[in-house]
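Reading through the structure tokens given below for one structure.
Sequence positions, counted from 1, serve as the residue numbers for this chain. Note that this is a predicted model, so its numbers are computed, not measured.
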Amino acid sequence: MLDPGYLRENLETVRQRLAQRGFALDVETFQRADGERKQIIQEVESLRQRRNATSEEIARLVKDKVDVTDKRNEMKGVSQRIKELEEALRTAEDRLFQFAAVLPNLPDPSVPIGLTEDENVEVRRSGAAPEVDFQPKAHWDLCPPLGILDLERGGKVAGSRFYFLAGQGARLERALINFMLD
């Protein structure tokens with residue numbers, strides 16, 4: 001997820017780099033949500049400052065034995081307003097978090113720009129592709145008859161494009177994990 005602070009400071013750069021990925025960043029929505037957040041923070045800080053100054057004044061007046069009932073009632077209203085604004089601030093920050101959470105990662109500046117497979121640049125190739133005398137099958141065609149992949153059950157539990165490893169497939173995955181750990 002992109003940090004909202006980074007997004008705030010580098011908005012145009014982020015917009016350009018996301019455009020390279022074919023993603024249109026809604027700058028106006030971000031700026032509106034961020035502006036709302038800043039405005040709430042300023043109001044909360046102003047009210048806190050007022051509350052602190054008035055609390056000191058109340059302490060002095062109590063020491064001088066002056067009635068401070070009106071000021072205390074006023075500060076109760078200020079404290080209630082601060083609570084309301086803090087809730088609004090949480091909502092605004094959640095909105096900013098949700099905005100940033102759906103943004104894709106930024107491509108590295110060294111990545112060549114290409115939206116399709118044909119526009120992408122092959123950087124290097126290692127070895128030659130193996131030549132076989134039969135038509136290769138995709139893993140989703142090859143594995144279920146072998147009993148090492150369960151597409152149907154994985155789709156029911158986790159949604160489409162998910163699968164469960166079964167039998168020897170699960171054992172193979174665990175063996176590979178152990179091999180890497182060792």
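- Ring pair Phe30/Phe99 is tilted by interplanar angle, where 30° to 60° counts as tilted.
- For Gln49, there are no side-chain contact (heavy atoms from CB on, under 4.5 Å) partners, not counting sequence neighbours.
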Salt bridge (charged side-chain N to carboxylate O under 4.0 Å, His left out) evaluation trace for Arg51 with Glu74: CA-CA 9 Å; Arg51 181 180 63 186; Glu74 179 185 344; over 6 Å; no
Start with the C-alpha distance between Arg171 and Arg174, add both sets of side-chain angles, then the distance that settles side-chain contact (heavy atoms from CB on, under 4.5 Å), and finish with yes or no. CA-CA 5 Å; Arg171 286 186 191 90; Arg174 182 64 186 179; 5.7 Å; no
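- In this structure, Val44 and Ile40 have side chains that are in contact, with non-hydrogen atoms separated by less than 4.5 Å.
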Working note: Arg60 + Asp64, criterion salt bridge (charged side-chain N to carboxylate O under 4.0 Å, His left out); need CA distance, chi angles, decisive distance, verdict. CA-CA 6 Å; Arg60 270 194 317 274; Asp64 294 339; over 6 Å; no
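- Sparse packing is recorded around CZ of Arg72, with 12 or fewer heavy atoms of other residues, nucleotides or ligands lying under 6.0 Å away.
- A heavy-atom distance below 4.5 Å is found between the side chains of Lys38 and Arg8.
- Proximity of Pro4 to Asp34: side-chain heavy atoms (C-beta onward) are nowhere separated by under 4.5 Å.
- Screening residues 51-82 for ring pair (Phe, Tyr, Trp, His ring centres under 6.0 Å), with sequence neighbours left out, gives no hits.
- Each of Leu25, Val102, Leu103 was compared with Leu2 under the side chain to side chain contact (heavy atoms under 4.5 Å, CB included) criterion, and only Leu103 meets it.
- The minimum heavy-atom distance between Arg21 and Pro104, with the atom names listed, is NH1-CB, 3.5 Å.
- To the nearest 0.5 Å, atoms CG (Asp3) and CD (Glu9) are separated by 8.0 Å.
- Environment of OH in Tyr6: crowded, with over 12 heavy atoms of neighbouring residues, nucleotides or ligands closer than 6.0 Å.
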Run Glu93 and Arg90 through salt bridge (charged side-chain N to carboxylate O under 4.0 Å, His left out) and show every step you take. CA-CA 5 Å; Glu93 287 176 342; Arg90 275 191 290 280; over 6 Å; no
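- Thr13 and Asn10 share no side-chain donor-acceptor pair at under 3.5 Å.
- Taking CD from Gln20 and CG from Asp108, the interatomic distance works out to 10.0 Å, rounded to the nearest 0.5 Å.
- Cluster membership for Phe23 and Leu7, using ILVMFWY side-chain heavy atoms within less than 4.5 angstrom, is shared.
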Checking side-chain contact (heavy atoms from CB on, under 4.5 Å) for the pair Ile148/Leu172: CA distance, chi angles, key distance, verdict? CA-CA 9 Å; Ile148 60 175; Leu172 175 62; over 6 Å; no
Evaluate the criterion side-chain contact (heavy atoms from CB on, under 4.5 Å) for residue pair Val78 and Met75; output intermediate values, then yes/no. CA-CA 5 Å; Val78 169; Met75 287 303 100; 3.8 Å; yes
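- Listed here is the closest heavy atom pair of Leu149 and His139: CD2-O, 4.0 Å.
- With contacts defined as side-chain heavy-atom distances shorter than 4.5 Å, the pair Leu106/Val14 qualifies.
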Before you tell me yes or no, could you show the steps for Glu152 and Lys156 under salt bridge (charged side-chain N to carboxylate O under 4.0 Å, His left out), namely the whole-Å CA-CA distance, both residues' side-chain angles and the distance that decides it to 0.1 Å? CA-CA 6 Å; Glu152 186 178 322; Lys156 284 181 183 177; 3.7 Å; yes
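- Leu146 places none of its side-chain heavy atoms less than 4.5 Å from the side chain of Gln168.
- Expressed to the nearest 0.5 Å, how far CZ of Arg48 lies from OG of Ser55 amounts to 13.0 Å.
- Within a 6.0 Å sphere centred on CD of Glu84, other residues, nucleotides and ligands contribute more than 12 heavy atoms.
- Between Lys83 atom NZ and Leu85 atom CG the span is 13.0 Å, to the nearest 0.5 Å.
- With rounding to the nearest 0.5 Å, the separation of CE in Met180 from CG in Asn178 is 11.5 Å.
- Under the 4.5 Å side-chain criterion, counting only non-hydrogen atoms from C-beta, Leu151 is in contact with Trp140.
- Note that CD of Gln80 is 10.0 Å distant from CD1 of Ile82, once rounded to the nearest 0.5 Å.
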Would Arg95 and Glu36 count as a side-chain contact (heavy atoms from CB on, under 4.5 Å) here? Give the steps. CA-CA 10 Å; Arg95 207 175 352 219; Glu36 178 184 330; 2.9 Å; yes
